[in-house]
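Whatever order the structure lists them in is the order used to number ligands and atoms, beginning at 1. No experiment lies behind these values; they were computed from the predicted model shown. Only this structure's heavy atoms are used, side chains among them; waters, hydrogens and symmetry mates stay out.
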Amino acid sequence: DGDVYKYYADGEWKKSASGKSVPIINPTTRKTQYKVQACTQEEVNKVMEAAKAAQKSWARTPLWKRAELLHKAAAILKDHRASIAECLVKEIAKPAKDAVTEVVRSGDLVSYTAEEGVRILGEGKFLVSDSFPGNERTKYCLSSKIPLGVVLAIPPFNYPVNLAVSKIAPALIAGNSLVLKPPTQGAVSALHMIYCFHLAGFPKGLISCVTGKGSEIGDFLTMHPGVNCISFTGGDTGIAISKKAGMIPLQMELGGKDACIVLEDADLDLTAANIVKGGFSYSGQRCTAVKVVLVMESVADALVDKVKAKVAKLTVGSPEEDCDITPVVTESSANFIEGLVMDAKEKGATFCQEYRREGNLIWPLLLDHVRPDMRIAWEEPFGPVLPVMRINSVEEGIHHCNASNFGLQGCVFTRDINKALMISDAMETGTVQINSAPARGPDHFPFQGLKDSGIGSQGITNSINMMTKIKSTVINLP
Ligand code: G3P
């Protein structure tokens with residue numbers, strides 16, 4: 001039936017033989033907004049076969065031609081910004097302007113990846129043997145980067161377009177084929193984005209997008225023998241995937257508990273602005289959101305007052321009206337956030353605003369005087385709730401940050417650059433931002449998490465390199 005969005009395989013839009021669909025619930029209305037195909041394991045097998053076949057000739061397609069197609073896809077993606085953004089608004093309740101930004105940022109990411117790929121993949125290495133002890137100058141080694149084969153991309157709901165293209169573009173420029181499994185919330189946005197790649201004219205089978213239930217095709221995809229690399233962004237599922245995946249390169253980003261350490265000499269206005277932006281953008285549903293504020297006791301009252309004043313100005317409501325705070329992605333997510341709030345309440349946290357929830361919509365909430373025995377001191381709410389913990393020394397802040405299982409990003413606010421650098425050095429996170437909130441972008445910067453936050457490093461250059469292997473040919477002279 002025409003109500004169900006088709007999946008994409010072999011250059012065509014198809015209905016699943018399962019005859020089943022997966023509903024996508026609009027977080028705002030809590031009603032079914034779209035339906036996508038519930039693909040079967042047999043359909044996944046076919047996609048993998050096609051991906052393998054298409055990759056062989058794609059790898060022999062000149063690099064400049066691969067880049068040209070990516071530039072074309074980027075331009076089409078930007079042209080389609082409005083319709084894709086509309087899906088983001090309906091599926092994941094992303095505020096209207098941010099939804100457009102996500103698509104434009106994605107087009108830029110694809111173009112940059114094409115350019116970067118042409119540069120770094122256009123270079124190889126030449127080595128001679130006599131630099132290693134015992135060797136004469138009798139061997140010449142030529143090495144270059146070759147594709148891995150089929151890359152499986154699994155992006156999360158919070159950036160179903162941007163975190164898909166951050167995997168698709170590097171995979172393709174490097175000569176790989178690509179199978180996309182979009183998140184359920186965000187699947188239609190992802191299908192629209194794939195449509196742009198379809199219009200650009202990539203070869204059949206090179207790109208596919210399978211939708212469906214994780215329980216039916218999740219493990220089947222990640223454990224599929226046809227997959228040569230997995231790039232995943234999401235939650236705990238990533239840990240399970242990394243345990244089950246075969247001997248293939250993995251790129252994983254699994255969330256964080258990004259700490260914001262505020263020293264006594266910090267510019268408190270700048271700090272408060274960044275805490276509100278970092279903690280409450282897209283209602284806190286970002287891996288890189290500020291998830292705990294660790295502030296020196298002597299400036300805590302002043303900082304909390306400034307943050308409170310800014311929180312009061314956040315607009316709360318629907319994504320169509322471009323409100324700052326919009327409904328969180330699912331009801332179960334809202335329930336989880338509420339659980340963290342209630343736990344903090346029982347254990348005596350100070351509520352800077354009244355807790356308020358209607359459906360999936362949770363009003364922004366700052367919790368002061370949070371202590372280590374509260375769940376919210378450690379767990380990521382992925383919602384508009386931000387804990388503040390007061391510290392008496394920098395060491396106490398670093399200790400709390402490093403006691404977390406996560407290690408994605410962190411930030412420190414101080415006017416003393418030496419202190420900032422020492423704290424950055426001591427924080428066990430993939431990135432530390434000095435005097436700004438954590439963020440992944442600009443998208444060519446390296447992006448990585450330590451500990452349970454991930455495996456490998458992302459960012460355009462790192463992703464291209466990760467999706468290739470070195471191949472050498474050695475010329476042996478007589
Ligand atoms: O997974 C990363 C994402 O949640 C954060 O990206 O661009 O909001 O920092 P960004």
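- The side-chain hydrogen bond (donor to acceptor under 3.5 Å, both in side chains) test with Ser463 is passed by exactly one of Gln458, Gln251, His444: Gln251.
- For Thr461 and Glu116, the side-chain atoms include at least one donor-acceptor pair closer than 3.5 Å.
- Cation-pi geometry between Lys72 and Phe202 is not met: the NZ or CZ atom fails to fall both under 6.0 Å from the ring centre and inside 45° of the normal.
- Within 4.0 Å of ligand 1, contacts by protein heavy atoms are made from Arg105, Asn158, Tyr159, Leu163, Thr233, Glu253, Arg286, Cys287, Thr288, Ala439, Arg440, Phe447.
- The ring pair (Phe, Tyr, Trp, His ring centres under 6.0 Å) search around His399 returns none, not counting sequence neighbours.
- The shortest distance between side-chain heavy atoms of Gln285 and Tyr159 does not fall below 4.5 Å.
- Heavy atoms only, all atoms of each residue included: Gly410 and Met427 are closest at CA-CE, 3.8 Å.
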